[in-house]
Engineer: 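Below: one structure in structure tokens.
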Amino acid sequence: MQIRVINPNTTLAMTTKIGAAAQRIAAPGTDVVATQPASGPVSIESHFDEAISAVGVLEEVLAGERDGVDAYVIACFGDPGLLAARELTRAPVIGIAEAAFHMAALISTRFSIVTTLGRTGIIAEHLLEQYGFRHHCRRVRAAEIPVLDLEENGEMALNRIIDECRRARDEDNIGAIVLGCGGMADLTGEISRAVGLPVIEGVTAAVKLAEAVVGLGLGTSKQGDLAFPRPKAFTGQFEHFSGL
Ligand SMILES: O=C(O)C[C@H]1NC(=O)NC1=O
């Protein structure tokens with residue numbers, strides 16, 4: 001099977017890292033294709049960044065439909081464009097936040113999230129509510145690092161993340177930690193060893209859930225609100241969406 005792992009930001013180094021982490025965890029016979037939008041924010045750290053990146057995610061799903069992809073992963077912790085993407089395909093579309101929440105709830109009764117900047121914490125809180133995991137999550141914490149520090153200042157970023165994870169372990173009465181950024185996809189082992197708790201990050205969780213959904217012969221329901229969009233004309237820069 002082929003999984004298209006979409007990094008919604010436009011930083012190639014992060015896309016490459018995410019793709020490598022996804023391929024490492026994938027089952028034999030699962031091919032991961034890591035992509036990113038042709039245009040959009042180099043990192044996603046606000047509601048505005050999320051909104052702009054969602055269009056790029058949808059473009060990548062439309063490209064995947066042309067290639068006959070079996071499943072999609074949206075590899076940004078805000079799950080940008082998730083429901084809109086599900087309208088475009090019969091394949092499963094798994095957001096890394098939703099995947100991480102499910103996985104954490106399977107191995108612990110309470111978890112905390114450690115993300116990058118505190119200002120994006122509200123996005124995780126909204127998703128906890130939307131996905132029904134509000135009561136599972138003790139606290140949404142932030143290492144207070146810009147997303148691209150994960151690429152440009154990796155050691156400092158890792159130390160800040162580990163410090164915040166240790167505070168979560170000592171103060172939050174939790175059983176697991178969820179890493180709140182696709183750019184942390186390669187850090188789970190190191191952080192788990194440093195903190196002594198199970199650490200879940202969404203890229204790898206989403207790849208395994210995508211394999212499970214496809215393996216069960218399931219895909220995105222086309223009944224109701226996730227049916228294909230009603231064909232209509234689009235104008236201007238979105239003209240190519242006409243008649244989808
Ligand atoms: O929301 C965040 O802090 C992390 C989010 N931003 C990004 O560019 N990729 C992500 O996973």
Side-chain angles (χ1 to χ4, degrees), residues 4-22 25 34-60 72-82 85 93-104 112-131 133 137 139-154 156-158 160-161 164-165 168 177-188 191 199-207 209:
R4 194 179 189 98
V5 176
I6 303 165
N7 172 19
N9 73 42
T10 55
T11 294
L12 182 58
M14 192 172 286
T15 303
T16 304
K17 177 171 68 179
I18 287 170
I25 201 71
T35 67
Q36 64 188 48
S39 53
V42 294
S43 64
I44 298 161
E45 301 171 316
S46 67
H47 302 295
F48 176 81
D49 297 346
E50 286 246 336
I52 299 297
S53 73
V55 177
V57 167
L58 301 177
E59 297 279 11
E60 286 304 309
Y72 299 89
V73 169
I74 300 178
C76 168
F77 203 71
D79 296 352
L82 179 63
V93 184
I94 313 286
I96 67 171
E98 188 174 23
F101 297 165
H102 279 282
M103 208 57 81
S112 285
I113 297 168
V114 175
T115 188
T116 51
L117 292 172
R119 70 170 289 170
T120 65
I122 190 67
I123 295 173
E125 289 180 36
H126 288 165
L127 293 179
L128 286 164
E129 204 65 52
Q130 181 180 333
Y131 299 147
F133 288 97
C137 182
R139 186 168 167 188
V140 179
R141 291 174 171 265
E144 286 310 343
I145 51 170
V147 168
L148 293 188
D149 268 9
L150 290 163
E151 303 308 315
E152 297 156 5
N153 218 336
M156 180 281 296
L158 176 61
R160 297 283 293 264
I161 295 164
E164 195 60 33
C165 288
I177 287 172
V178 166
L179 299 181
C181 180
M184 300 178 188
D186 60 337
L187 301 179
T188 41
I191 294 172
V199 171
I200 296 110
E201 69 72 40
V203 172
T204 47
V207 166
L209 286 176

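Order of appearance sets the numbers: ligands from 1, and atoms from 1 within every ligand.
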Engineer: Donor-acceptor pair, Ser112 side chain versus Val140 backbone, under 3.5 Å?
Structural biologist: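 A pair under 3.5 Å: no.
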Engineer: Under a 4.0 Å N-O cut-off, is there an ion pair linking Arg160 with Glu144?
Structural biologist: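 Salt bridge: no.
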Engineer: Purely on distance, is any nitrogen or oxygen of Gly182 under 3.5 Å from one on ligand 1?
Structural biologist: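 Yes, Gly182 has an N/O under 3.5 Å of an N/O on ligand 1.
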Engineer: Taking only heavy atoms of Val147, which atoms of ligand 1 are found under 4.0 Å from at least one of them?
Structural biologist: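 Reading through ligand 1 atom by atom, the close ones are 3 (O), 6 (N), 7 (C), 8 (O).
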Engineer: How many angstroms lie between atom CD1 of Ile44 and atom CG of Leu117, to the nearest 0.5 angstrom?
Structural biologist: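 Separation between the atoms: 12.5 Å.
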Engineer: Give the intermediate values and the outcome of side-chain contact (heavy atoms from CB on, under 4.5 Å) for residues Met103 and Thr204.
Structural biologist: CA-CA 10 Å; Met103 208 57 81; Thr204 47; over 6 Å; no
Engineer: Heavy-atom distances under 4.0 Å are what count here, so tell me which part of Thr120 touches ligand 1: side chain, backbone, both or neither.
Structural biologist: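 Looking at Thr120 and ligand 1, just side chain atoms fall under 4.0 Å.
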Engineer: Please indicate whether any nitrogen or oxygen in Thr116 is less than 3.5 Å from any nitrogen or oxygen in ligand 1.
Structural biologist: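 N/O-N/O distance below 3.5 Å exists for this pair.
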Engineer: With only distance considered, is Phe77 within less than 3.5 Å of ligand 1 through an N or O on each side?
Structural biologist: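 Between Phe77 and ligand 1 (N or O atoms, distance only) the closest approach is under 3.5 Å.
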Engineer: Just need the protein heavy atom nearest to atom 4 (C) of ligand 1, so name the residue and atom and give the distance.
Structural biologist: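 For atom 4 (C) of ligand 1, the nearest protein heavy atom comes out as Cys181 SG, 3.5 Å.
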Engineer: If the cut-off is 4.0 Å to any non-hydrogen atom of Thr115, which atoms of ligand 1 fall inside it?
Structural biologist: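 This gives 3 (O) as the contact atoms.
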Engineer: Side chain of Glu45, backbone of Val147: donor and acceptor closer than 3.5 Å?
Structural biologist: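 Yes: the side chain of Glu45 pairs with the backbone of Val147.
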Engineer: Rounded at 0.5 Å granularity, tell me how far SG in Cys76 sits from CD1 in Ile18.
Structural biologist: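 Reported to 0.5 Å precision, the distance equals 8.5 Å.
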Engineer: How far is atom 9 (N) of ligand 1 from its nearest protein heavy atom, and which residue and atom is that?
Structural biologist: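 Among all protein heavy atoms, the one nearest atom 9 (N) of ligand 1 is Cys76 SG, 3.8 Å.
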Engineer: In terms of atom number and element, which parts of ligand 1 are under 4.0 angstrom from non-hydrogen atoms of Ser43?
Structural biologist: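 Counting from 1, the qualifying ligand atoms are 8 (O).
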Engineer: Tell me: protein heavy atom nearest atom 1 (O) of ligand 1, and distance?
Structural biologist: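 Atom 1 (O) of ligand 1 sits closest to the protein heavy atom Ile44 O, 3.7 Å.
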Engineer: I'd like to know if the side chain of Asn7 and the backbone of Thr35 have a donor-acceptor N/O pair within less than 3.5 Å.
Structural biologist: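 Such a contact is absent between Asn7 side chain and Thr35 backbone.
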Engineer: Strictly distance-based, threshold 3.5 Å: is any side-chain N or O of Lys17 a donor or acceptor partner for the main-chain N or O of Ala185?
Structural biologist: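 Here the side-chain-to-backbone pair does not exist.
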Engineer: So, regarding Glu45 and ligand 1 (criterion: nitrogen or oxygen to nitrogen or oxygen, under 3.5 Å), is there a contact or not?
Structural biologist: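 In this structure, Glu45 places no N or O atom under 3.5 Å from an N or O of ligand 1.
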